[in-house]
Amino acid sequence: METKPEKSLNFIHEIIEEDNRTGKYEKRVHTRFPPEPNGYLHIGHAKSICLNFGTAAKYNGKCNLRFDDTNPVKEDVEYVDSIKEDVRWLGFNWEGKELYASDYFETLYEYAEFLIKKGKAFVCDLSVEEIGKYRGTVTQPGKESPYRNRSADENLELFRKMRSGEFPDGEKVLRAKIDMTHPNMLMRDPILYRILHAEHHRTGSKWCIYPMYDFAHGQCDSIESITHSICTLEFEVHRPLYNWFIKELEIYAPQQIEFARLNLTYTVMSKRKLLELVQGGFVSGWDDPRMPTICGLRRRGYTPEAIRNFADIIGVAKRDNMIDVSLLEHCIREDLNKQASRKLAVINPLKLVIENYKESFIEEIDAVNNPENPEAGTRKISFSKVLYIEQEDFMENPPAKFFRLAPGNEVRLKYAYIIKFTGVIKDDTTGKIKEVRCTYDPDTRSGMPLSNRKVKGTIHWVAACNSIEAEVRLYEQLFTKEKSEEVEEGHDFKENLNPSSLQVKRCFIEPSAKQAKPGEKYQFERMGYFCVDPDSSKDKLIFNRTVTLKDSWAKITKA
RNA sequence: UGUCCUGUGGUGUAACUGGCAACACGUCUGAUUCUGGAUCAGAAGAGUUUAGGUUCGACCCCUAACAGGACAACCA
């Protein structure tokens, strides 16, 4: 039992173990999760959160939560609050208080002056457009700014005036003096500070110049003594620049390691596109259960355990990837199968009358709460003459291998009796089936000596006399294409939106569901896992379908 | 017409650091089942982008090609 097969290390943990072997950071492991508070966290962030906090935990290290809040015009406390909530919900804690890049604004400013004095930074008067032109292109070298050779003293004076608010937005910037012909565009005298007369969500109006992300991120990691700065691939090109700052500033050097971000089929992961869906009203909000956001998944009924397990299973590497949602779905099913109490609920009701059952008689029947966990016990459900069954569970002219109710077929009503079809009643004008009639075998109630007779199928049902009504929101993939962003030239990704990603229905549920509270998770037998929506109230129960059960019959019918 | 990164079954990740490819999801069988769920047993599916090279031996090292991605915001 103790000899679990050794799980191989991902490439980041390999690096860490090597560093621990060589004593590079005195065997210290200190990571951080550094979001910008300008949007909600999504499942891609969850991968990063699990990686950073998980790595720290694995090596008895620390992991900071730090907000990289260097752009006051895009950031807001609303986002910092939601991010903190989501990280906590996922099951992670950070020591003491969360940190902010804005905590280090003074230090960062001093770093800038240090560079100026060293002759490695200068104040530039070029406009945005001009700076763009001077930068050259990816294949052509850039040109040096005419302001590049100002004296250190002049630069210092100008920079201090920038800070004291003597210039309007955009008038001047502070730039590093590196190399305008560098093949890496980011090394072509990048901007360090810009003038922004804007209210910052934490520092208020104290500053009117703000460091660029590139001038803040690496130094913040350095200030916090981070050992391994884990980030996504797009920052790989920035690494030489961060290293340049660290070297010129002569400060502690963390090690940056990049990994490939998560992509999931049938959804989008970019903040911009997610925002577009919210603002365009294509979803009800950031926490719409169809969204891949943490709050959306939470509302959908996903558990932190399932998400953490998912993050673990998908692994970490450097190559671009596109993970099949079926893996995420597998993770939540696996978790919920063990946890969720079962209920009987009928979503597309069809009236079923048992002809030989006593009128207005009600029987209390035992139902198992969770077959995976005997300790969950049993509950009573009512059985009566008139029931509802699922429309899909009856067919007048069934195809081969249809094991449900049909002329000539016997089926079991889950936890109750075996019934036999006797007839249907149809609407005179439309010809639609209004009710199905059957007889039951009184000796076959579950648990009775003669109840073991084999029947082809078992279907779920609900008593018409006392079942309760509820709203169910049936969710499907948000997009119709695996690669949701794949569109022809000139078309928009929103054209791939799935028009039937949400179907709202009224359903009948056994009365024991009456007390269901928001956030609670159930399995409606044979239908899937459902979670009580926060919009739910005593008077109006609302359930979100987290995911269907695996359905091999559905596969057969589709084929 | 640049620099950097990446290329292993349908998908994702492995391969004890050079000894002819494993695990998970998915797919398909069969068993079992009062959820066509769960569970159990099994199968198919890659010879590691290509071409050279080093080596007794290469997924692993070297070279080149090809393919994909990133980079030209006073965004992060």
Side-chain angles (χ1 to χ4, degrees), chain A residues 5-10 14 34-36 38-39 68-71 73-75 124 126-128 131-133 135-142 169-175 182-188 191-196 209-210 212-214 216-217 232-240 258 260 265 271 313-324 326-331 333-334 337-338 342 344 368 371-372 401-404 411-416 418 444 446-447 451-452 454-460 482 523-528 548-556:
Chain A
E6 289 241 348
K7 215 185 147 192
S8 53
L9 300 172
N10 65 48
E14 250 166 36
E36 185 195 10
N38 72 341
D68 276 342
D69 52 353
T70 54
N71 186 0
V73 306
K74 288 191 176 173
E75 295 148 9
C124 183
L126 253 27
S127 68
V128 189
I131 289 181
K133 273 201 202 98
R135 188 152 30 217
T137 71
V138 114
T139 50
Q140 294 162 267
D169 287 4
E171 174 103 357
K172 287 176 168 38
V173 290
L174 182 72
R175 294 228 254 163
H182 199 108
N184 182 340
M185 299 284 295
L186 292 165
M187 300 297 272
R188 322 242 259 230
I191 293 168
L192 271 27
Y193 267 88
R194 76 286 217 191
I195 300 169
L196 236 38
I209 56 171
Y210 292 91
M212 297 292 291
Y213 173 85
D214 278 350
H217 184 80
T232 44
L233 249 31
E234 64 267 33
F235 294 105
E236 203 157 31
V237 226
H238 297 241
R239 182 158 25 96
E258 308 85 7
T265 54
K271 271 188 192 176
I313 284 177
I314 57 175
V316 183
K318 292 194 76 163
R319 65 188 89 107
D320 292 319
N321 61 81
M322 171 76 79
I323 306 241
D324 201 317
S326 64
L327 185 54
L328 217 210
E329 293 179 341
H330 165 260
C331 290
R333 285 194 188 105
E334 190 182 44
N337 178 44
K338 287 179 288 192
R342 315 285 130 127
L344 295 186
V368 174
E372 304 294 319
K401 289 195 193 162
F402 182 80
F403 301 151
R404 285 112 99 139
V411 294
R412 168 169 303 278
L413 294 174
K414 179 85 182 175
Y415 303 125
I418 291 174
T444 59
S446 300
S451 71
N452 287 331
K454 291 277 174 273
V455 287
K456 285 182 196 163
T458 299
I459 63 175
H460 62 279
E482 278 197 6
Q523 183 197 107
F524 292 173
E525 297 215 34
R526 303 210 306 136
M527 301 308 287
T548 60
L549 256 30
K550 285 215 277 182
D551 188 348
S552 44
W553 173 245
K555 254 183 276 180
I556 294 170

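Only this structure's heavy atoms are used, side chains among them; waters, hydrogens and symmetry mates stay out. Below, chain A is the first sequence line, B the second, and so on; all start at residue 1.
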Ring geometry between Tyr213(A) and Phe235(A) (parallel below 30°, tilted from 30 to 60°, perpendicular above 60°):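 Aromatic pair Phe235(A)/Tyr213(A) classed tilted.
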Find the distance between [atom1] ([X]) and [atom2] ([Y]) and round it off to the nearest 0.5 Å.
X: Glu525(A); Y: Ile459(A); atom1: CD; atom2: CD1; answer: 12.5 Å
X: Lys133(A); Y: Ser127(A); atom1: NZ; atom2: OG; answer: 7.0 Å
X: Lys172(A); Y: Ile195(A); atom1: NZ; atom2: CD1; answer: 7.5 Å
X: Met212(A); Y: Ile191(A); atom1: CE; atom2: CD1; answer: 5.5 Å

Touch check for [X], heavy atoms < 4.0 angstrom, all strands: base, sugar-phosphate only, or nothing?
X: Leu549(A); answer: base
X: Gly528(A); answer: nothing
X: Phe524(A); answer: nothing
X: Asp320(A); answer: sugar-phosphate
X: His217(A); answer: nothing
X: Pro371(A); answer: base
X: Val316(A); answer: sugar-phosphate
X: Glu525(A); answer: base

Polar side-chain contact [X]-[N] base: donor and acceptor under 3.5 Å:
X: Glu372(A); N: G37(B); value: yes
X: Arg526(A); N: G36(B); value: no
X: Gln523(A); N: U35(B); value: yes

Write out a two-atom table: protein N or O, nucleotide N or O from nucleotides 72-75 of chain B, distance below 3.5 Å.
{"unit_1": "C74(B)", "atom_1": "OP2", "unit_2": "Arg135(A)", "atom_2": "NH2", "d": "3.1"}
{"unit_1": "C74(B)", "atom_1": "N4", "unit_2": "Leu126(A)", "atom_2": "O", "d": "3.2"}
{"unit_1": "C74(B)", "atom_1": "N4", "unit_2": "Gly170(A)", "atom_2": "O", "d": "3.0"}
{"unit_1": "C75(B)", "atom_1": "OP2", "unit_2": "Arg194(A)", "atom_2": "NE", "d": "3.2"}
{"unit_1": "C75(B)", "atom_1": "OP2", "unit_2": "Arg194(A)", "atom_2": "NH2", "d": "2.9"}
{"unit_1": "C75(B)", "atom_1": "O3'", "unit_2": "Arg194(A)", "atom_2": "NH2", "d": "3.3"}
{"unit_1": "C75(B)", "atom_1": "O2'", "unit_2": "Asn71(A)", "atom_2": "ND2", "d": "3.1"}

Proximity to the side chain of Arg319(A) - top-ranked nucleotide from G36(B), G7(B), C5(B):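 Comparing G36(B), G7(B), C5(B) against the side chain of Arg319(A), the answer is G7(B).
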Would you mind telling me which of G7(B), A76(B), G36(B) lies closest to the side-chain atoms of Phe235(A)?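 The closest nucleotide is A76(B).
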If you define the side chain from C-beta out and look only at heavy atoms, does anything of [X] sit under 4.5 Å from [Y]?
X: Met527(A); Y: His460(A); value: yes
X: Ile131(A); Y: Val173(A); value: yes
X: Thr548(A); Y: Arg333(A); value: yes
X: Glu258(A); Y: Arg239(A); value: yes

Euclidean distance, atom [atom1] of residue [X] to atom [atom2] of [N] [Å, nearest integer]:
X: Lys318(A); N: U13(B); atom1: NZ; atom2: P; answer: 13 Å
X: Lys401(A); N: G30(B); atom1: NZ; atom2: C1'; answer: 12 Å
X: Lys414(A); N: G36(B); atom1: NZ; atom2: C1'; answer: 12 Å
X: Leu233(A); N: U6(B); atom1: CG; atom2: P; answer: 8 Å
X: Asn337(A); N: G37(B); atom1: CG; atom2: P; answer: 12 Å
X: Asn321(A); N: C5(B); atom1: CG; atom2: C1'; answer: 14 Å
X: Glu258(A); N: C71(B); atom1: CD; atom2: C1'; answer: 13 Å
X: Met322(A); N: G68(B); atom1: CE; atom2: P; answer: 15 Å

5′-ward residue of the pair Pro34(A)/Arg239(A) relative to RNA chain B: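 Nearest-nucleotide comparison on RNA chain B picks Arg239(A).
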Let me spell it out: for each of Leu9(A) and Gly457(A), pick the nucleotide of RNA chain B with the closest heavy atom. Which residue's pick is nearer the 5' end?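 The residue mapped nearer the 5' terminus is Leu9(A).
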Name the orientation of the base relative to the sugar in U17(B): syn if the glycosidic angle is within 90° of 0, else anti.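 Syn conformation for U17(B).
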Based on the glycosidic angle (syn within 90° of 0, else anti), state the conformation of G12(B).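 Chi for G12(B) falls in the anti range.
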Using atom [atom1] of each nucleotide, how far apart are [N] and [M] to the nearest Å?
N: A41(B); M: C25(B); atom1: P; value: 12 Å
N: G19(B); M: A38(B); atom1: C1'; value: 42 Å
N: G26(B); M: G10(B); atom1: C1'; value: 8 Å
N: A64(B); M: C56(B); atom1: C1'; value: 26 Å
N: U3(B); M: U8(B); atom1: P; value: 24 Å

So, does [X] use its side chain to make a donor-acceptor pair with the main chain of [Y] at under 3.5 Å?
X: Arg342(A); Y: Pro371(A); answer: no
X: Arg135(A); Y: Leu186(A); answer: no
X: Gln140(A); Y: Gly136(A); answer: no
X: Arg188(A); Y: Thr137(A); answer: yes
X: Asp324(A); Y: Thr265(A); answer: no

Measure all distances between protein nitrogen or oxygen atoms and nitrogen or oxygen atoms of nucleotides 17-26 of chain B, and list the pairs falling under 3.5 Å.
none

Does the side chain of Arg342(A) get closer than 4.0 angstrom to OP1 or OP2 of A38(B) through an N or O atom?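 False: Arg342(A) side-chain N/O out of range (4.0 Å or more) of A38(B) OP1/OP2.
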Do any side-chain nitrogens or oxygens of Ser552(A) fall under 4.0 Å of OP1 or OP2 in G37(B)?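 Yes, because at least one side-chain N or O of Ser552(A) sits under 4.0 Å from OP1 or OP2 of G37(B).
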Check ion pair Lys318(A)-Glu236(A) (N to O, under 4.0 angstrom):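 Looking at Glu236(A) together with Lys318(A), the answer is yes, because their closest N to O distance falls below 4.0 Å.
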In which stems does RNA chain B show up, taking only runs of three or more Watson-Crick or G-U wobble pairs whose two distances fall under 3.5 Å?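 Looking at RNA chain B, the stems formed by three or more consecutive pairs are B:2-7 with B:66-71, B:10-13 with B:22-25, B:27-31 with B:39-43, B:49-53 with B:61-65.
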